[in-house]
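Working notes, beginning with the structure itself.
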Amino acid sequence: MSAPHATPEPAAERLHFIEERVQADVAQGLHGGRVHTRFPPEPNGYLHLGHAKSICLNFSLTQRFGGRCNLRFDDTNPTTESVEYVESIQRDVKWLGFEWNELYFASGFFESIYEFAEELVRKGLAYVCDLDAEAMRELRGTLTAPGKPSPFRGRSVDENLDLLRRMRAGEFAEGARTLRAKIDMASPNMNMRDPVLYRILHADHHRTGSAWRIYPTYDYAHPLCDALEGITHSICTLEFENHRPLYDWVRDNCSTPHKPEQIEFARLNVTYTVLSKRKLLRLVNEKHVSGWDDPRLPTLSGLRRRGYTPSALRTFCERIGVAKFNSTIDVVQLENALRDDLNKTAPRAMAVLRPLRLVIENFPEGEVDELEAVNNPEDPAAGSRKVPFSKVLYIERDDFRVDAPKDFFRLAPGKEVRLRYAYFVTAKSFTLDPATGEVSEVVCTYDPATRGGNAPDGRKVKGTIHWVSAAHAVNAPVRLYDHLFAAEFPEEVPEGQDFLVNLNPKSLEVLPNAQLEPSLAQLAPGKSVQFERHGYFVADALDSRPGAPVFNRSVALRDSWAKIEKKPANAKPASGRK
RNA sequence: UACCCCGUGGUGUAACGGUAACACAAGUGGUUUUGGUCCAUUCAUUCCAGGUUCGAAUCCUGGCGGGGUAACCA
């Protein structure tokens, strides 16, 4: 502050509405100036991209404002939850790159939560109701008609207390009674029509075992957990907006130590996929995918196996922003975040996915030339490697055309191209497979003077193609993944139909005999590489092992040649949503 | 037919009453031993109608459109 400068103010950082809100709270000294958030998953499924948005949001807030963030398992419904999920969730949050401050379970607060229930009963703000689910629904009214009070609404405090304790003790059948808040059966907000606080569930809990026969509902337990943990900003998605009055009611009517505030934001939607636990669970259970970690799934474990990096995911979450508008992010946004990351970090290698034999007639039989190849043109520190070159190579089938259009820069009869890091070659002849009519082999000549890829006489070639020496090639399966759904908005289906009708039958293509350059054989499972001119691939974490690699395509490179080729075929009208 | 929220280019996000910014997509051109990367450039008067104001994407009113809400799920 001693030296004022003429330098312009740094461009003001763009804060989203939650950051602005938190900033204002801190400035006003609310919550004692503290910022404490939490990520509160229910352990009843695997984390997905939508959770990543929430995780990044909650943790980045604490990074920006110097606060804390807890991981809290919202385990109030033992019938759908399990330790498998608890474990996978912790693994995924850590993998994404975040470290929580405290680890809590809602179930760890069950005793306190129960005590607050007795408090509400004593205050005359809660009562035990004997209505079953159907009867309760009938009395609740509808969106346009007010509800009617339960006949049990007027029970005395003593009777309610007695009944509540006996509920806890397991004296009543499952579903026989509930503890309800006494609020307003005529409220236009359905959540305020005497919502259920506790229900009887004779189910064992993955953490509390058989200790409890009653379990608190989300609406009741959540604000209390927040308050007990000292959460200042309880961030959740838009569908809980209508629950906020109830959140506040619970918070304000129980003598909690803190008064957290709930803030809602729009959940993430992404084209060509689904981000709802229910739907993901169906895909897994009904075996439309291989499991929670299927590389086509938007689960964090699936994305990880697909080759997505934590950094790419965080970048994605930053770029998409946070708002209250219900939007759908184009999946290319996700793919770009990955490309941006891997372009800088992934080593390059040559891999021929659909091999075609290329014989160099004037190259000496049995001779092997070791050529220098750059590991990553974006990162000089990555160095270089030697790649063996010999008389018989494999090139990509797509890189040779018998009848080539003028703008086809690759190999064709009589045309000269550069073999990357090697030599210029000119196609002389080719043979066809009599059975299929496809090209089975191409014969060419090479120019020994062009070793390394440059012609001393200065002549240029338009195309550079990749190759692998047949004698040195590593044979490996390569899996090409495409969108799991063929429809941009998979959930939009005709009346009576299921989102599964939109599954993409071509979401997985396995190429059993890809030919890889030798260096690829030893790549560690989980490591990413760029197959030059193809895309980014990862050695599969489960199926790949040194010496016998298996690759998954994480994302393809942008392909402007594909666009050029498509052009004459006329763009089809953009399909809009109805 | 109730209540709540939302409505800025193709898709998202910003502009906090002073003449629309950023990212991605799309197009065009350039560089290039990846048809990759990179660079340059083009593309919206802010759902509609009134009102307040010297001035409105921003404030007010009314429409229209979209989303959410009637589990003892979260």
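Note that this is a predicted model, so its numbers are computed, not measured. Here is the naming used below: chain letters follow the sequence lines, and residue numbers restart at 1 for every chain.
- On the P atoms, B:C6 is 32 Å away from B:C43, given to the nearest whole Å.
- The distance from atom NE2 of A:His222 to atom C1' of B:A74 is 10 Å, rounded to the nearest whole Å.
- Taking only side-chain nitrogens and oxygens, A:Asn336 comes nearer than 4.0 Å to OP1 or OP2 of B:A25.
- Across all strands shown, B:A21 is found opposite B:U13 as a Watson-Crick or G-U wobble partner, with both distances under 3.5 Å.
- Contact annotation for A:Phe424: no contact, since no heavy-atom pair falls under 4.0 Å across all strands.
- For A:Trp561 and B:G35, the ring-to-base geometry satisfies the stacking test (centroid distance below 5.5 Å, interplanar angle below 30°).
- Residue A:Asn44 is classed as having no contact, given no heavy-atom separation below 4.0 Å to the nucleic acid.
- Rounded to whole angstrom, the span from the CG atom of A:Leu201 across to the C1' atom of B:A71 amounts to 12 Å.
- Rounded to an integer number of Å, the gap from A:Leu246 CG to B:C73 P is 15 Å.
- We find that NE2 of A:His16 is positioned 11 Å from C1' of B:U13, with the value rounded to whole Å.
- Minimum atom distance to the side chain of A:Arg410 is reached by B:G35, of the listed B:G35, B:G36, B:A74.
- Each of B:G35, B:C5, B:U69 was ranked by its minimum atom distance to the side chain of A:Lys324; first place goes to B:C5.
- Nearest nucleotide to the side chain of A:Met190, out of B:A70, B:A26, B:G36: B:A70.
- Checked against B:U34, B:G67, B:C72, the side chain of A:Glu532 finds its nearest nucleotide in B:U34.
- Between A:His243 and A:Phe240, a ring centre-to-centre spacing shorter than 6.0 Å is recorded.
- Side-chain proximity of A:Thr76 to the nucleotides B:A74, B:G36, B:C72 is greatest for B:A74.
- To the nearest 0.5 Å, atoms CD (A:Glu134) and CG (A:Leu139) are separated by 12.0 Å.
- Using N1 to N3 plus N6-O4 or O6-N4 for Watson-Crick, or N1-O2 and O6-N3 for G-U wobble, each under 3.5 Å, B:U69 pairs with B:A2.
- With A:Glu372 as the fixed residue, the salt bridge (charged side-chain N to carboxylate O under 4.0 Å, His left out) test singles out one of A:Arg451, A:Arg385, A:Lys386, A:Arg420: A:Lys386.
- Using cut-offs of 30° and 60° for the angle between ring planes, the A:His534 and A:Phe537 rings count as perpendicular.
- Stacking between A:Phe325 and B:G7 is absent: the aromatic ring centre is not both under 5.5 angstrom from the base six-membered ring centre and within 30 degrees in plane angle.
- Residues A:Arg153 and A:Asp194 are paired through a salt bridge, judged by an N-O separation under 4.0 Å between the basic side chain and the carboxylate.
- The shortest distance between the side-chain N/O atoms of A:Arg140 and the OP1/OP2 oxygens of B:A71 is below 4.0 Å.
- Not a single donor-acceptor pair, N or O on each side, falls under 3.5 Å between the base of B:G67 and the side chain of A:Glu241.
- Taking 4.0 angstrom as the limit, A:Ser327 places a side-chain polar atom (N or O) nearer than this to OP1 or OP2 of B:U13.
- The nucleotide B:U34 finds no pairing partner, because no Watson-Crick or G-U wobble arrangement with both distances shorter than 3.5 Å includes it.
- Closest to the A:Ala323 side chain, of the nucleotides B:U34, B:U13, B:G27, is B:U13.
- A:Arg244 has its CZ atom 10 Å from the P atom of B:C6, to the nearest Å.
- Between A:Tyr272 and A:Phe485, a ring centre-to-centre spacing not shorter than 6.0 Å is recorded.
- Taking atom CZ of A:Arg533 as the reference point, atom P of B:G36 lies 11 Å away to the nearest angstrom.
- The side chain of A:Arg199 contributes an N or O atom lying less than 4.0 Å from OP1 or OP2 of B:A74.
- In terms of polar N and O atoms assigned as donor or acceptor, the side chain of A:Arg319 never comes within less than 3.5 Å of the base of B:G12 in a complementary pairing.
- With B:A25, B:U34, B:G36 as the candidates, the nucleotide lying closest to the side chain of A:Val332 is B:A25.
- Of all nucleotides listed (B:G27, B:A23, B:U8), B:A23 comes nearest to the side chain of A:Gln333.
- B:U8 and B:G66 have their C1' atoms separated by 15 Å, given to the nearest Å.
- With both pairing distances under 3.5 Å, B:C59 is matched to B:G51 as a Watson-Crick or G-U wobble pair.
- Distance, A:Met185 CE to B:A2 C1': 15 Å, rounded to whole Å.
- A salt bridge links A:Arg72 with A:Glu229; the closest basic N to acidic carboxylate O contact falls under 4.0 Å.
- Partner assigned to B:C64 is B:G7, using Watson-Crick or G-U wobble distances below 3.5 angstrom.
- Using bins of under 30°, 30° to 60° and over 60° for the plane-to-plane angle, the ring pair A:Phe389/A:Tyr446 lands in the tilted bin.
- Side-chain proximity of A:Met136 to B:G36, B:A2, B:C72: nearest is B:C72.
- For A:Arg137, the side-chain atoms get nearest to B:A70 when compared with the rest of B:A70, B:U34, B:G36.
- Base pairing annotation: B:G29 forms a Watson-Crick or G-U wobble pair with B:C39, both donor-acceptor distances under 3.5 Å.
- For the P atom pair drawn from B:G10 and B:C48, the interatomic distance equals 13 Å after rounding to whole Å.
- We find that CD of A:Glu19 is positioned 11 Å from P of B:A15, with the value rounded to whole Å.
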